[in-house]
There are 2 protein chains.
Amino acid sequence: MFVESGMRKHALLYGLIAGVLIAVLKAIEYRWLVIEYSVEIYGSLVASVFAGLGIWLGLRLTRHKQRVVVREVRVSVPVDFVRDQVKQESLGITPRELEILELIAAGLSNKGIAARLHVSENTVKTHSSRVFDKLGARRRTQAVQLGRELRLIP
Amino acid sequence: MFVESGMRKHALLYGLIAGVLIAVLKAIEYRWLVIEYSVEIYGSLVASVFAGLGIWLGLRLTRHKQRVVVREVRVSVPVDFVRDQVKQESLGITPRELEILELIAAGLSNKGIAARLHVSENTVKTHSSRVFDKLGARRRTQAVQLGRELRLIP
DNA sequence: TGCAAAATCATCCTTTCGAGTGACGCGCTC
DNA sequence: GAGCGCGTCACTCGAAAGGATGATTTTGCA
């Protein structure tokens, strides 16, 4: 809308100036002609004036054309964790085992995990042993590291 | 250089076309004039032709002078780790202790760390005990978790 | 309803950790 | 040169963790 009205305004202005110029030229043509200036000079004058106007209009038409360049800016933003459920299932890790792994990663002891989940410590040890086996880990710290690498825990 | 020569070529071309047109107009002017076309028609013709040429030249001149608008797009990228050395010093954690903490986080056993660093396992235990104490951790998994939270390790 | 997977608990045994304590050498500073 | 921070090593003891194995209960699904 704005661009259209702007262009229309330019066109109107251009036509107006052209008309006025033609009128002026017509008004003074006799005077110039009678003092023996040839028509080619007259033509050159008109040509140069309108060429200038055309150039001006052309510049005006493209002045606001902008080229948008999209630049990727690397910005440090915490990556929101998405669990790799495919890998979880391919390893055969059960939800409960993953739950124990998360609590291990949180730094809890087996006893603490047992208390948190209201199960016996033996149960926690069973789950952790199983998840260690499935991850190929021998220590809980190693299990945490592998779980992170495999995107099973944040 | 390229832009300059391009503009010069345009100017030359424009001048050439203008000259030819003027010559043509001059050559046919008598024929037109004798059949009683007024000079204002002639002027209008020249005006419109050169206005068109001007517009074309104007467009040509600014074709490659587009304003570049840079739109920055935020891209999520894994956060590159920066160690909080202030916190490290405020906790009085030595470089060696931090080194042991990193290896603990990597999932190594004390024996493995000792082998990696060519020191005795007792030394590793001493360092780890100290860093646990400074972090307020009771287990190595907890130390890893706290170390991460405090931005001491990745 | 019946089976398979998952979850639960246990027992025995070994390894690893963690706490506590003490000590030695080295380099730096006051 | 005394003091201090740091890194090193040793020893003991108890707690925690891990491996192996077996068993029972719960649960989801065919």
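To find a chain, count down the sequence lines: A is the first, B the second, and so on, and within it residues start at 1.
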Participant: Taking the nucleotide of DNA chain D with the closest heavy atom to each, which residue, B:Val119 or A:Thr126, is nearer the 5' end?
Facilitator: B:Val119
Participant: Among residues 131-141 of chain A, which residues get a heavy atom nearer than 4.0 Å to DNA chain D?
Facilitator: A:Phe132, A:Arg138, A:Arg139, A:Arg140
Participant: To the nearest 0.5 Å, what is the distance between CD1 on A:Ile113 and CG on A:Leu103?
Facilitator: 5.0 Å
Participant: Is it the case that the side chain of B:Arg151 and the backbone of B:Arg83 share a donor-acceptor pair, with hydrogens and angles ignored and the cut-off at 3.5 Å?
Facilitator: no
Participant: Take the protein atom CD of A:Glu121 and the nucleotide atom C1' of D:dA15, then report the distance between them rounded to whole Å.
Facilitator: 10 Å
Participant: Report the distance from atom CG of B:Leu91 to atom P of D:dC6, rounded to the nearest whole Å.
Facilitator: 13 Å
Participant: Ignoring hydrogens and geometry, is there a side-chain-to-backbone donor-acceptor pair from B:Glu121 to B:Ala114 under 3.5 Å?
Facilitator: no
Participant: Do A:Val119 and A:Val124 make a side-chain contact, defined as non-hydrogen atoms from C-beta onward lying under 4.5 Å apart?
Facilitator: yes
Participant: If only atom types and distance count, is the side chain of A:Lys134 paired as donor or acceptor with the main-chain N or O of A:Gly92 below 3.5 Å?
Facilitator: yes
Participant: Atom CZ of B:Arg130 and atom C1' of C:dA19: how far apart are they, to the nearest Å?
Facilitator: 13 Å
Participant: Rounded to whole angstrom units, what separation is found between the CD1 atom of A:Ile93 and the P atom of C:dA7?
Facilitator: 12 Å
Participant: Using whole Å, report how far NZ of A:Lys125 lies from C1' of C:dA7.
Facilitator: 18 Å
Participant: Backbone N or O of B:Thr126 within a donor-acceptor pair of the B:Ser129 side chain at under 3.5 Å?
Facilitator: no
Participant: Does OP1 or OP2 of C:dA10 have a side-chain N or O of A:Asn122 closer than 4.0 Å?
Facilitator: yes
Participant: Whole Å only: how far is the CD atom of B:Gln142 from the C1' atom of D:dA16?
Facilitator: 13 Å
Participant: Scan side-chain atoms only and decide if B:Gln145 and B:Glu149 contain a donor-acceptor pair under the 3.5 Å cut-off.
Facilitator: yes
Participant: Which parts of residues 102-115 of chain A get close to DNA chain D, meaning a heavy atom less than 4.0 angstrom away?
Facilitator: A:Ser109, A:Asn110, A:Lys111
Participant: Please classify the nucleic acid contact of A:Thr123 as base, sugar-phosphate, or nothing, using heavy-atom distances under 4.0 Å.
Facilitator: base
Participant: Please report the interatomic distance CG(A:Leu150) to CD1(A:Ile93), rounded to the nearest 0.5 Å.
Facilitator: 7.5 Å
Participant: Round to a whole Å and report the spacing from CD of B:Glu97 to P of D:dG5.
Facilitator: 13 Å
Participant: Determine: side-chain N/O of A:Ser128 to OP1/OP2 of D:dA17, distance under 4.0 Å, yes or no.
Facilitator: no
Participant: What's the NE2-P distance between A:His127 and D:dG18, to the nearest Å?
Facilitator: 15 Å
Participant: Quick one, B:Phe132 and B:Arg140 - any side-chain contact, counting heavy atoms below 4.5 Å?
Facilitator: yes
